[in-house]
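Below is one structure, written out as structure tokens, with a few remarks after it.
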Amino acid sequence: MNTRMWRNRKLHAGARRRNRETALSSLRRNWVLHLMVWPAVILFFIFSYLPMAGIVMAFQNFKPGLGFLNSPWVGLDQFRFLFGYDNFLKVLRNTLVFSLSKYVLNILIPFGFAILLNEVRNRRYKRTVQTIVYLPYFLSWVTLAGILLDMLSTQGLVNTVMARLGMERIMFLGDGFWFRLTVIFSDVWKSFGFNTILYLAALTTVSPDLYESAEIDGANRFRQTLHITIPSLVPITVVVATLALGGLLNANFDQVFNLYNPMVYEKADIIDTFVYRIGLLSGKYSLGAAVGLFKSFIGLILITISYRLAYRFTNYRIF
Amino acid sequence: MYYKTRGYRIFNAVNSIFMAAVGLLCLLPMLHLLAVSFSASAPANAGLVSFWPIGFNAEAYLRTFSSRLFVGALTISVLRAAVGTAMTMFITLMAAYALSKDERTLVGRNVYIWFMIFTMLFSGGLIPSYMLIVKLGLINRFWALILPTLASAYNIILMLNFFRSLPREMEEASLIDGAGHLATFFRIYLPLSLPAIATVSLFTIVFHWNSYFDGLIYIGDKNRLPLASVLQTIIVQQDFRIVGPEVMARLSQRTLKAAQIFIGAIPVLLVYPFLQRYFISGIVLGAVKQ
């Protein structure tokens, strides 16, 4: 061993000792900060990490009487059963039908609406419209389902108006096809106002100089929209679109759960409602946990990919 | 200028009408609900009521408030929103302040952060969470509605980003003046963060007020259910036994349901326009950070 390497090693040891000293003295000076984080850490541990550990029940035939330790292990049996189970494949398809349609419409409609709203020149009018369209977002699905169940029933307002116009009454919530449309459009209706916020915020950052020089060049408002407004919305749209990829298995439990009924299970049942019924109502805890694990696992992959993409495209970071 | 041309004027007129129509589309369902709730039973049941009450009366509201179950549930919801929001803010603000420091000040910051972020990426799912509440003995307890919701990675990150946007110099000056972290936190950071605090509080209040599912699965005793869960049982599961026959006796289901849905939505209707301004600036701060 030559002296240089030895000296290097000694240097490293010194640096390490110094680092440890600064870490220790930092701890001594800043212990209050650690104290401030720990309540949150403990809560995360109990209410997020313990349930993650509880996932072992997906590989057991869990019996509440026996607990996690004594329930028999069954390996991948629950998953083998699931993927051969007709209903589960239907549930997967329903989930994707809902989430993909919502994904597309919840980007396009707020995008278009933001551009149109931005054209309103009267500020007060603009702000009033804005406030009103945020309203449905804040109402819970229980409230909205209560309203929709009434308005869309065969004796409800919508059907009454349609009957008066000479159209046939439609069972919006009792027929699979109409149920799907109702779910997709009521979701868009609830959230488009809120989703507009980000686009409107992006539009306020567009420099007025761009419009002025376009004006001087003789471009009319339509051309200005095409060549200035829309391109300036592209970055935020890319962020929204990639981040939303992570939620593709979330078809919105609260909405479907409060609107559906046994008549439309075929076309309405989604992963989360399926977990609730099979796991909690029928008491097949392990099967429910297995479906939950499947969803969380695919979700983890999707979110990781979407954040990677968002970072690569636009340098977006959540913190 | 472009807005003086004829083509743009026509567009502007059409666009303004379109905006009014969209606004109405968002408002009309609530107006219909309100109209039904103040109508007499017969026209409401026959589906004659549209956006103006027929046979105006407030019977449905009086009946609703005479139900002990409903008033009890209302109390629990108010309590839940108040306690839940206060505790959430306490935990969120403290954690966010500490985590807004760099790794050298808060040794292990990155570990803390990833510990937190991972809960956004992966979860145990419904069944293990339910089992945990059972094992903790929280079934039928008020705290089952509070404790699991207190630490939210999303809220902490929102506040953390906000704290980091404040100028470092003030903190440095405060520390040099001999103030500790706690004093800096309370005297400098909190007063400067009121808009962001209002935003997160609003989120949390609305979240608690609207939560029904935890009540549904964790609380078996109907006298301990929060309002949202009671409404869900009555409206969606169509289970009127929970209110009792005396309330049902003279009233149509439709007006009664409408009144109850509307009462359930009042706090949200009151709170959202008021805090909207803060809310928008807050979310923009959190979301379009580039």
Side-chain angles (χ1 to χ4, degrees), chain A residues 23 26-27 30 32-33 36-37 39-41 43-44 47-48 50-52 54-55 57 116-117 119-121 129 131-136 138-140 142-143 145-147 151 155-157 160 193 197-198 201-202 215 220-221 236 258 275-276 279-280 285 288-289 292-293 296 300 303 318-319, chain B residues 2 8 15 19 22-23 26-27 29 32-33 47 50 91 94-95 97-99 101 104-107 112 116 119 121-132 148 150-151 157 160-161 180-182 206 210 212 217 228 231-232 235-236 257 261 264-265 268 272-273 276 280 283-284 287-288:
Chain A
S26 161
L27 206 60
N30 300 311
V32 178
L33 290 177
M36 292 171 92
V37 194
V41 169
L43 285 165
F44 280 127
F47 292 103
S48 298
L50 286 183
M52 287 183 207
I55 281 177
M57 66 197 283
L116 289 179
L117 186 62
E119 290 299 317
V120 173
R121 298 188 53 79
V129 172
T131 306
I132 291 173
V133 298
Y134 293 155
L135 171 65
F138 290 91
L139 298 172
S140 76
V142 173
T143 306
I147 298 175
M151 279 182 69
Q155 299 303 319
L157 183 65
T160 309
I197 294 177
L198 285 180
E215 190 92 10
N220 63 23
R221 193 57 176 173
I236 186 71
N258 286 312
V275 171
Y276 171 70
L280 286 189
Y285 297 113
L293 172 57
S296 291
L300 175 65
I303 295 174
I318 50 168
F319 62 94
Chain B
Y2 69 84
Y8 191 80
N15 191 34
M19 287 297 141
V22 173
C26 293
L27 219 51
H32 174 61
L33 182 78
S50 50
I91 282 160
M94 285 204 308
Y97 172 77
L99 293 172
K101 305 294 164 225
R104 212 179 318 151
T105 319
L106 181 71
V107 178
Y112 286 134
M116 184 175 80
T119 65
L121 306 178
F122 192 76
S123 84
L126 173 67
I127 308 295
S129 305
Y130 174 79
M131 287 299 160
L132 175 74
L150 288 182
I157 289 173
L160 182 161
N161 278 338
H181 285 298
L182 279 179
V206 172
N210 287 344
Y212 67 97
I217 58 175
L231 289 178
Q232 205 272 346
I235 296 156
V236 180
K257 267 195 210 172
I261 298 173
V268 176
Y272 101 90
Q276 193 202 172
I280 293 169
I283 191 137
V284 169
V288 255

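Values in this document were obtained by computation on a predicted structure and should not be read as measured data. Letters A, B, ... are given to chains in the order of the sequence lines, protein chains preceding strands, and every chain is numbered from 1. Atoms considered below: every heavy atom in the structure, side chains included; atoms not considered: hydrogens, waters and symmetry mates.
Side-chain contact between Asn220(A) and Tyr8(B) is absent, with no heavy-atom pair separated by less than 4.5 Å. Annotation: side chain of Val37(A) is not in contact with side chain of Tyr97(B) (no heavy-atom distance under 4.5 Å). Annotation: side chain of Met52(A) is not in contact with side chain of Pro128(B) (no heavy-atom distance under 4.5 Å). A heavy-atom distance below 4.5 Å is found between the side chains of Met36(A) and Leu182(B). The closest side-chain heavy-atom distance from Phe47(A) to Leu150(B) is not below 4.5 Å. In this structure, the side chains of Phe122(B) and Ile55(A) come closer than 4.5 Å at one or more pairs of heavy atoms.
When atom types are taken as modelled, the side chain of Asn210(B) and the backbone of Phe138(A) share a donor-acceptor pair closer than 3.5 angstrom. Of the possible donor and acceptor atoms, one in the side chain of Ser296(A) sits under 3.5 Å from a partner among the backbone N and O of Ser123(B). With hydrogens and angles disregarded, no donor-acceptor distance shorter than 3.5 Å links the side chain of Asn30(A) to the backbone of Leu106(B).
Across every non-hydrogen atom of Val133(A) and Gly23(B), the tightest pair is CG1-CA, 4.5 Å. When all heavy atoms are compared, the tightest approach of Ala98(B) to Leu33(A) is CB-O, 3.4 Å.
Rounding to the nearest 0.5 Å places CG of Leu43(A) at 11.0 Å from OG1 of Thr119(B). Atom-to-atom distance recorded for Leu280(A):CG and Met131(B):CE is 7.5 Å, nearest 0.5 angstrom. Interatomic distance, CD1 of Ile127(B) versus CG of Leu293(A), reported as 12.5 Å (0.5 Å rounding). Gln232(B) contributes atom CD, which lies 9.5 Å from atom OG of Ser140(A) (distance to the nearest 0.5 angstrom). Atom OH of residue Tyr130(B) and atom OH of residue Tyr276(A) lie 9.5 Å apart, to the nearest 0.5 angstrom. Rounding to the nearest 0.5 Å gives a distance of 6.5 Å between CG of Leu135(A) and CG of Leu27(B).
Of the atoms belonging to Leu126(B), it is side-chain heavy atoms, and not backbone ones, that fall under 4.5 Å from chain A. Contacts between Val275(A) and chain B at a heavy-atom distance below 4.5 Å involve backbone atoms as well as side-chain atoms. Within the 4.5 angstrom heavy-atom criterion, atoms from both the backbone and the side chain of Leu121(B) approach chain A. Proximity to chain A is limited to the side chain of Val268(B), based on heavy atoms less than 4.5 angstrom apart. Both the backbone and the side chain of Met19(B) come within contact range of chain A, judged by heavy atoms closer than 4.5 Å.
Contact tally against chain B (heavy-atom pairs below 4.5 Å) for Val129(A), Val142(A), Thr160(A), Leu50(A): the top residue is Val142(A). Ranked by non-hydrogen atom pairs under 4.5 Å with chain B, the options Pro51(A), Gly54(A), Gly279(A), Gly292(A) are led by Pro51(A). Interface remark: of the candidates Leu157(A), Val32(A), Ile303(A), Thr143(A), Leu157(A) forms the most heavy-atom pairs closer than 4.5 Å to chain B.
Atom OH of Tyr212(B) is surrounded by more than 12 heavy atoms from other residues, nucleotides or ligands within 6.0 Å.
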